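Step one of this worksheet: look at the structure below.
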Amino acid sequence: MSKVATIEIEGKKYEFPVVVGTENELAIDIKQLRGQSGAITLDPGYKNTGACESAITFLDGEKGILRYRGYSIEELAEKADFLEVCYLLIFGELPSKSQLQKFNTDILDQSIVNEDMKTVLNGFPESAHPMGVLSSLTSALTAFNPKSVNVESEEDMYRAIVKILAKFPVLAAWTLRRKNNQTLYNKDTNIGYVESLLKMMFQKEGKNYKQNKTVVNALDKLLILHADHEQNCSTSTVRIVGSSHAGLFASISAGVSALWGPLHGGANQAVIEMLEEIKADGGDTSKFIAKAKDKEDPFRLMGFGHRVYKNFDPRAKIIKKAADEVLGQLGVEDPILEIAKGLEKAALEDQYFVERKLYPNVDFYSGIIYRAMGIPTEMFTVMFAVGRLPGWIAQWREMRMRKEPIGRPRQVYIGETHRKFKDIENR
Ligand code: SDX
């Protein structure tokens with residue numbers, strides 16, 4: 001028997017169908033609400049509002065569950081590699097050997113970035129934040145690949161998808177090279193996706209680049225953990241920009257800008273800056289816990305809290321464990337790892353955080369591993385973007401394949417009612 005929800009407004013009752021997801025989540029389908037009742041819903045931050053139906057990623061915030069296309073994040077982080085997860089998120093199934101081989105070859109065939117893109121890059125000062133540069137370069141890709149804008153067929157979409165998967169890591173690496181005023185390299189097509197990213201980032205002029213297996217494996221795992229997270233701020237941005245048919249690269253560029261914010265992906269940089277501040281201040285975490293609780297103080301415990309997870313972020317658990325392993329394997333002693341653990345312990349014993357169900361999120365420990373790999377703090381969110389790219393692509397493709405309407409929310413107007421124009425003499 002199909003479920004319905006009844007809403008009563010000014011004594012009149014309206015019935016709306018209830019949608020039940022495959023994980024038994026309920027949603028009231030209000031497509032006809034305004035037509036039937038004249039009323040709309042109001043939900044700043046969309047805390048209670050579903051923007052779409054999606055088959056890509058499932059989160060259970062209460063139980064701390066995260067699955068990509070039904071596979072648990074724990075299994076994927078342990079058993080898959082990043083390119084397999086890209087394929088899984090975008091096309092819905094883990095690839096066979098031959099499918100993965102073709103996917104990889106198609107990506108490698110598109111790895112060259114137009115030389116003129118370097119002119120765009122070199123227009124930025126070395127002081128520019130890499131996320132601003134990456135967003136601009138990603139949008140600029142459209143100018144050099146105009147056929148990737150109006151993609152109606154699945155084949156056109158596939159061509160645009162392999163292009164951005166191929167070129168985005170090159171652009172990401174170039175943002176670091178620009179900051180250090182170093183030579184820009186294109187992708188080495190004889191090595192893996194993660195290996196070539198690291199080589200483009202850290203290759204020293206005239207020297208052989210030696211891969212560090214620990215770093216490659218750790219980065220591959222981090223990219224998997226960041227690959228998708230259903231309708232988060234930057235993914236919702238990609239979907240709504242994509243809904244105007246602005247093209248995949250423009251949509252991804254908008255997603256990069258949304259991810260940059262310190263309340264979202266920019267938190268991984270803000271966490272390290274916060275931990276450094278605590279260290280410089282003598283390591284007294286209680287002072288910063290008090291600041292985070294003080295409503296008069298804008299300071300927040302960066303890397304803590306989450307819109308959906310009201311339990312441990314499963315990614316944070318995996319990254320915390322990996323941090324110990326990677327720093328051990330690299331022989332790196334980083335005092336801020338101990339400060340982070342002390343801060344986490346203190347917060348999880350404090351009623352303010354317990355009552356609000358504020359736990360460490362994906363950003364709390366990730367920066368410690370990036371730092372141990374020699375990645376500069378300002379590049380942490382760029383690494384998040386490289387990881388999130390397949391998720392953004394998958395969500396954009398799903399939105400386009402389902403031919404979803406252009407996103408255009410309503411509002412409740414609270415401004416002045418109609419009034420006559422006043423000549424300047426009378427104001
Ligand atoms: C990501 O959505 C995703 O899936 C995002 C992400 C992904 O993979 O895409 O998981 C990646 O963005 C992780 C989040 C990274 N951001 C941070 O670590 C920044 C610090 N965290 C907060 O700013 C906050 O927790 C948010 C932004 C993450 C969530 O904010 P919400 O859901 O809007 O919650 P809220 O601001 O309404 O907070 C509820 C209460 C408030 O207190 P009261 O008004 O009830 O008294 O909790 C407090 C907040 O003040 N609170 C915090 C806090 N986070 C929430 N207090 C201190 N420190 C914090 N970090």
Side-chain angles (χ1 to χ4, degrees), residues 43-51 54 56-62 64-68 73 77 85 89 131 222-239 255-275 278 285-319 340 343-344 346-348 350-367 380-381 383-392 394-395:
D43 186 21
Y46 310 113
K47 295 192 177 188
N48 305 281
T49 300
S54 178
I56 299 169
T57 291
F58 172 68
L59 293 191
D60 181 322
E62 282 64 39
I65 292 173
L66 171 57
R67 298 191 199 118
Y68 296 161
I73 192 65
V85 169
L89 284 168
M131 284 296 276
L222 282 168
L223 296 179
I224 289 172
L225 292 169
H226 286 82
D228 193 53
H229 217 238
E230 52 128 287
Q231 303 312 314
N232 59 84
C233 177
S234 55
T235 299
S236 300
T237 303
V238 169
R239 282 185 86 119
V256 173
S257 295
L259 187 71
W260 190 2
L263 295 186
H264 189 15
N268 58 16
Q269 172 179 339
V271 166
I272 295 296
E273 288 162 353
M274 172 185 74
L275 294 172
I278 294 173
T285 53
S286 58
K287 194 168 140 185
F288 287 80
I289 295 261
K291 274 170 68 69
K293 290 160 63 176
D294 176 359
K295 289 297 166 210
E296 301 310 309
D297 189 329
F299 175 80
R300 285 200 152 183
L301 214 49
M302 300 315 277
F304 253 77
H306 198 276
R307 173 60 59 75
V308 175
Y309 288 124
K310 300 306 168 193
N311 192 324
F312 246 91
D313 180 332
R315 302 166 297 176
K317 272 188 193 166
I318 299 169
I319 294 174
L343 191 59
E344 174 192 346
L348 296 184
D350 185 297
Q351 269 316 302
Y352 172 94
F353 292 88
V354 173
E355 274 157 21
R356 292 168 179 79
K357 300 181 178 168
L358 302 177
Y359 290 87
N361 59 49
V362 67
D363 294 311
F364 191 63
Y365 286 103
S366 55
F380 290 177
T381 314
M383 305 317 287
F384 192 145
V386 174
R388 184 52 52 91
L389 180 64
W392 287 333
Q395 300 273 350

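Just so it is clear, the structure is predicted and the values come from calculations on it, not from any experiment. In each ligand, atom 1 is the first atom listed, and ligand 1 is the first ligand listed.
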Ligand 1 versus H306, non-hydrogen atoms closer than 4.0 Å: side chain, backbone, both, neither? both
Using the rule given for ring pair (Phe, Tyr, Trp, His ring centres under 6.0 Å), can you reason through H306 versus H229, listing the C-alpha separation, both sets of side-chain angles and the distance that settles it, and then say yes or no? CA-CA 12 Å; H306 198 276; H229 217 238; 5.4 Å; yes
Taking C-beta and beyond as the side chain, do V354 and L348 meet within less than 4.5 Å on heavy atoms? no
For atom 15 (C) of ligand 1, the option (of V308, D228, L259, D363) bearing the nearest heavy atom: D363
Those atoms of ligand 1 less than 4.0 Å from some heavy atom in K47: 33 (O), 37 (O)
Contact atoms of ligand 1, heavy-atom distance to A292 under 4.0 Å: 57 (C)
Considering only protein heavy atoms, which is closest to atom 4 (O) of ligand 1, and at what distance to one decimal place? H229 ND1, 2.6 Å
For atom 22 (C) of ligand 1, the closest protein heavy atom turns out to be R300 NH1, 3.3 Å
Closest non-hydrogen atom pair, A267 against D363: CB-OD2, 3.6 Å
Under 6.0 Å from the OH atom of Y46, do we count more than 12 heavy atoms belonging to anything else shown? no
Can you confirm whether I289 sits close enough to L301 that some side-chain heavy atom of one is under 4.5 Å from a side-chain heavy atom of the other? yes
Residue, atom and distance of the protein heavy atom nearest atom 32 (O) of ligand 1 read R307 NE, 2.7 Å
Among I73, I318, V362, find the residue that satisfies the side chain to side chain contact (heavy atoms under 4.5 Å, CB included) test when tested with L66. I73
The closest protein heavy-atom partner of atom 16 (N) of ligand 1 is L263 O, 2.9 Å
Give the intermediate values and the outcome of ring pair (Phe, Tyr, Trp, His ring centres under 6.0 Å) for residues F304 and Y359. CA-CA 5 Å; F304 253 77; Y359 290 87; 8.0 Å; no
May I ask you to decide if P360's main-chain N or O and D313's side chain share a donor-acceptor pair within less than 3.5 Å? no
Do the side chain of N268 and the main chain of S366 share a donor and acceptor less than 3.5 angstrom apart? no
Which heavy-atom pair separates N311 from G64 by the least distance, and what is that distance? CB-N, 4.2 Å
Between D60 and R67 (salt bridge meaning N to carboxylate O under 4.0 Å), is one present in this structure? no
What distance separates Q395 CD from S234 OG, expressed to the nearest 0.5 Å? 10.0 Å
For ligand 1, is there an atom lying under 4.0 Å from some heavy atom of G303? yes
Nearest non-hydrogen protein atom to atom 58 (N) of ligand 1, with distance, is L301 N, 3.1 Å
Under 3.5 Å: donor-acceptor pair, side chain of N361, backbone of G305: yes
Quick note on ligand 1: atoms under 4.0 Å from a heavy atom of R315 include exactly 7 (C), 8 (O), 10 (O)
Can you see whether F384 has R388 sitting over its ring - NZ or CZ less than 6.0 Å from the centre and within 45° of the normal? no
Per-atom contacts of ligand 1 with R388, taking only distances under 4.0 Å to non-hydrogen atoms: 7 (C), 8 (O), 9 (O)
For K295, the atoms of ligand 1 under 4.0 Å from one of its heavy atoms are 42 (O), 43 (P), 44 (O), 46 (O), 50 (O)
Test of understanding: given a 4.0 Å heavy-atom threshold, classify the contact between R356 and ligand 1 as side chain, backbone, both, or neither. side chain
I need the atoms of ligand 1 closer than 4.0 Å to a non-hydrogen atom of M302, numbered in the order shown. 18 (O), 19 (C)
Show which atoms of ligand 1 fall inside a sub-4.0 Å distance from at least one heavy-atom site of A267. 15 (C), 16 (N), 17 (C), 18 (O)
Please classify the E230 to ligand 1 contact at 4.0 Å (heavy-atom distances, strictly less than): side chain, backbone, both or neither. neither
Contact partition for Y352 relative to ligand 1, non-hydrogen atoms under 4.0 Å: side chain
Could you find the nearest protein heavy atom to atom 2 (O) of ligand 1 and give me its residue, atom name and distance? N232 CB, 3.4 Å
Counting only heavy atoms closer than 4.0 Å, does ligand 1 sit against the backbone of V271, its side chain, both, or neither? neither
Starting from atom 12 (O) of ligand 1, which protein heavy atom do you reach first, and at what distance in Å? H264 ND1, 2.9 Å
Which residue and non-hydrogen atom of the protein lie closest to atom 21 (N) of ligand 1, and at what distance in Å? F304 O, 2.8 Å
Under 4.0 Å between heavy atoms, the region of N361 that gets near ligand 1 turns out to be side chain
